[in-house]
Protein chains: 2
Amino acid sequence: MSSATASGTASDPTASVPSGAAGPADPDRTARSRIRDAAITRFAADGVAATSVRAIAEEAGVSPPLVMHHFGSKDRLRVACDQHVAALVRERKHEVVAGSSGLDPVAALRTYDEGPPLLAYLARTLIDGSPHVAELVDEMVDDAVAYMAEGEANGMLTPTDDPRGRATVLTLWSLGALVLHDHAQRLLGVDLAGDPARSMDYFLPALDILGRGVITPEAFARIDEGFRNSSDTTTDDEGRA
Amino acid sequence: MSSATASGTASDPTASVPSGAAGPADPDRTARSRIRDAAITRFAADGVAATSVRAIAEEAGVSPPLVMHHFGSKDRLRVACDQHVAALVRERKHEVVAGSSGLDPVAALRTYDEGPPLLAYLARTLIDGSPHVAELVDEMVDDAVAYMAEGEANGMLTPTDDPRGRATVLTLWSLGALVLHDHAQRLLGVDLAGDPARSMDYFLPALDILGRGVITPEAFARIDEGFRNSSDTTTDDEGRA
DNA sequence: CAGACTGCTGAACATGAGTTCAGCCACCGC
DNA sequence: GCGGTGGCTGAACTCATGTTCAGCAGTCTG
């Protein structure tokens with residue numbers, strides 16, 4: 001148990017067996033991995049608090065006590081899910097390296113089709129404070145900073161006074177849209193946690209915003225000046241983006 | 001009970017009594033409103049599923065059965081909270097009219113200091129699918145479309161092919177950042193669900209992105225062309241923002 | 001074949017959940 | 001004073017949850 005802390009691929013033989021497109025109840029996979037993936041699926045769909053151990057056991061096709069046998073408690077199972085998802089995300093990240101641009105920190109994960117719903121799990125657990133997921137977000141910001149610095153050097157991205165601030169806000173926006181994928185589905189008909197090919201109605205406006213800007217240069221200069229002035233005093237009624 | 005269905009301001013005398021900065025346990029307010037505000041506070045802090053009726057009753061300084069007496073069930077209490085928050089949000093929205101720009105659909109709510117934590121409640125319930133909150137999001141998008149059309153006419157905002165798409169994505173980003181306010185706190189030290197004056201490290205990069213753009217015109221033209229070509233075929237490896 | 005060990009289960013336990021019920025208490029019209 | 005009424009509570013009920021325990025089938029070791 002303590003040997004599969006970070007990777008989940010090399011040391012733990014039950015971790016990520018890519019045996020084709022194996023469903024959660026595939027009897028060929030070990031019960032432990034089926035339970036873990038079932039938990040990820042249910043946590044992603046209903047949230048951690050609203051998911052019972054019995055529901056996870058049923059989804060995995062095992063008995064509830066087996067869940068305890070393998071993971072000790074629901075809370076430790078949740079930690080195992082966090083760690084497994086974090087490991088898979090890092091794995092994906094390293095595979096894609098820096099193929100596409102770094103403006104969408106979730107891009108690398110969208111290529112993940114088989115296996116547990118990574119993006120939906122992230123979207124859920126981003127908001128009920130797991131330290132492992134928070135760590136993952138920090139890494140995504142770091143990656144975005146690095147990618148964008150590269151893009152800036154390549155002349156693809158505009159320079160900025162505050163590269164880390166810009167990368168952080170863009171990461172928050174991208175993850176935030178992912179978290180709100182239900183609303184994105186309703187409003188735009190896209191599936192941000194699923195097939196990226198069916199998310200063009202999100203990506204095209206996003207590209208438009210990031211590429212052509214939203215505020216005209218004249219208005220921006222005016223607002224920016226007001227902002228910087230109000231940030232010196234204690235006035236807070238001035239400019240608000 | 002049936003008289004306070006939608007508004008909570010005009011018909012229900014216990015709804016929004018602005019009696020100074022009244023805490024949740026202020027004995028001067030009616031038990032019903034104290035219970036409702038206590039529920040909003042606890043739902044905002046811990047989520048709906050993880051909050052017990054007993055915890056709400058304790059926060060409101062009443063007994064658990066009184067919660068049932070006034071609201072019938074936990075689920076109906078949650079609906080009442082949704083409706084009350086939606087009513088307060090609409091109230092705030094109409095007060096501020098269109099004073100500041102429409103780029104931040106949450107701006108009008110940030111001025112709300114006293115009373116239950118509206119923004120934190122929204123941040124929580126945005127992700128566990130309440131129809132009332134979804135309706136509210138739809139209205140925010142509509143408002144953003146209207147505000148931005150006005151800004152476009154005034155020459156403050158750049159024109160775009162897809163005004164609704166742009167407004168929708170910006171709304172999703174703004175709300176998404178709000179939902180991730182814990183991460184924004186950790187990464188930027190800002191409090192997006194609280195005092196806007198202490199959120200400059202978020203607003204300034206956001207303004208920079210929206211004002212000056214992120215992608216250089218040349219790179220944007222290249223990516224945009226690749227995007228539009230790939231949207232015709234079934235290729236999905238081409239462009240990804 | 002005996003024994004032990006692993007993977008796993010059915011039944012049960014304890015706790016906390018949402019909810020119900022009978023009844024208290026202050027107030028109000030008569 | 002007095003019956004009634006509405007706001008409110010203590011205690012209890014029912015149910016689902018996380019968890020435990022004794023024991024099953026199969027397999028490996030000797």
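Proteins get letters first, then strands, A, B, ... in listed order; numbering begins at 1 in each. Computation of the quantities below employed the complete heavy-atom set of this structure, encompassing side-chain atoms and omitting hydrogens, waters and symmetry-equivalent molecules.
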- Query: Minimum heavy-atom separation for Leu180(A) to Gly176(B), with atom names?
  - Reply: CD1-N, 3.5 Å
- Decide if atom CD of Gln185(B) counts as having more than 12 heavy atoms of other residues, nucleotides or ligands within a radius under 6.0 Å. yes
Between protein and nucleotides 18-21 of chain C, what N or O pairs are separated by less than 3.5 Å?
from, atom 1, to, atom 2, distance (Å)
dG18(C), OP1, Lys74(B), NZ, 3.1
dG18(C), OP2, Val53(B), N, 2.9
dG18(C), N7, Arg54(B), NH1, 2.8
dG18(C), O6, Arg54(B), NH2, 2.9
dT19(C), OP2, Lys74(B), N, 2.7

- Message: I need the CZ-P distance between Phe71(A) and dT19(D), as an integer number of Å.
- Response: 13 Å
- Message: Classify the ring geometry of Phe43(B) against Tyr121(B): parallel below 30°, tilted from 30° to 60°, perpendicular beyond 60°.
- Response: tilted
- Message: Distance check needed: dC8(C) P versus Arg32(A) CZ, whole Å only.
- Response: 12 Å
- Query: Which heavy atom of Ala120(A) sits nearest a heavy atom of Ala44(A), and at what distance?
  - Reply: C-CB, 3.7 Å
- To the nearest angstrom, the CZ-P distance between Arg42(B) and dA17(C) comes to 11 Å
- Arg78(A) to Phe71(A) six-membered ring, cation-pi geometry met (6.0 Å, 45°): no
- Check the distance between dC8(C)'s C1' and Arg34(A)'s CZ and give it to me in whole angstrom. 11 Å
- Please give, in whole Å, the distance from dG18(D) C1' to Phe43(A) CZ? 12 Å
- Task: Give the rounded distance in Å between these two atoms: CD of Glu58(B) and C1' of dG16(C).
- Result: 15 Å
- Could you check how far NE2 of His70(A) sits from P of dT9(C), rounded to whole Å? 9 Å
- Message: Regarding Ser33(A) and Thr30(A), do their side chains bring together a donor and an acceptor under 3.5 Å, going by distance alone?
- Response: yes
- State, to the nearest 10°, the angle formed by the axis through the first five base pairs of the helix from dC1(C)-dG30(D) to dC30(C)-dG1(D) and the axis through its last five. 10°
- Does His69(B) place a side-chain N or O at less than 4.0 Å from the phosphate oxygens OP1/OP2 of dT9(D)? no
- Query: Once you round it to whole Å, what is the distance between P of dG18(D) and CG of Leu66(A)?
  - Reply: 16 Å
- Query: Within the distance-only criterion (no hydrogens, no angle test), does the side chain of Arg34(A) pair as donor or acceptor with the backbone N or O of Ala60(A) below 3.5 angstrom?
  - Reply: yes
- Do Arg36(A) and His84(A) have a side chain donor and acceptor closer than 3.5 Å? yes
- Query: Would you find a donor on one side and an acceptor on the other, under 3.5 Å apart, between the side chain of Ser130(B) and the backbone of Val133(B)?
  - Reply: yes
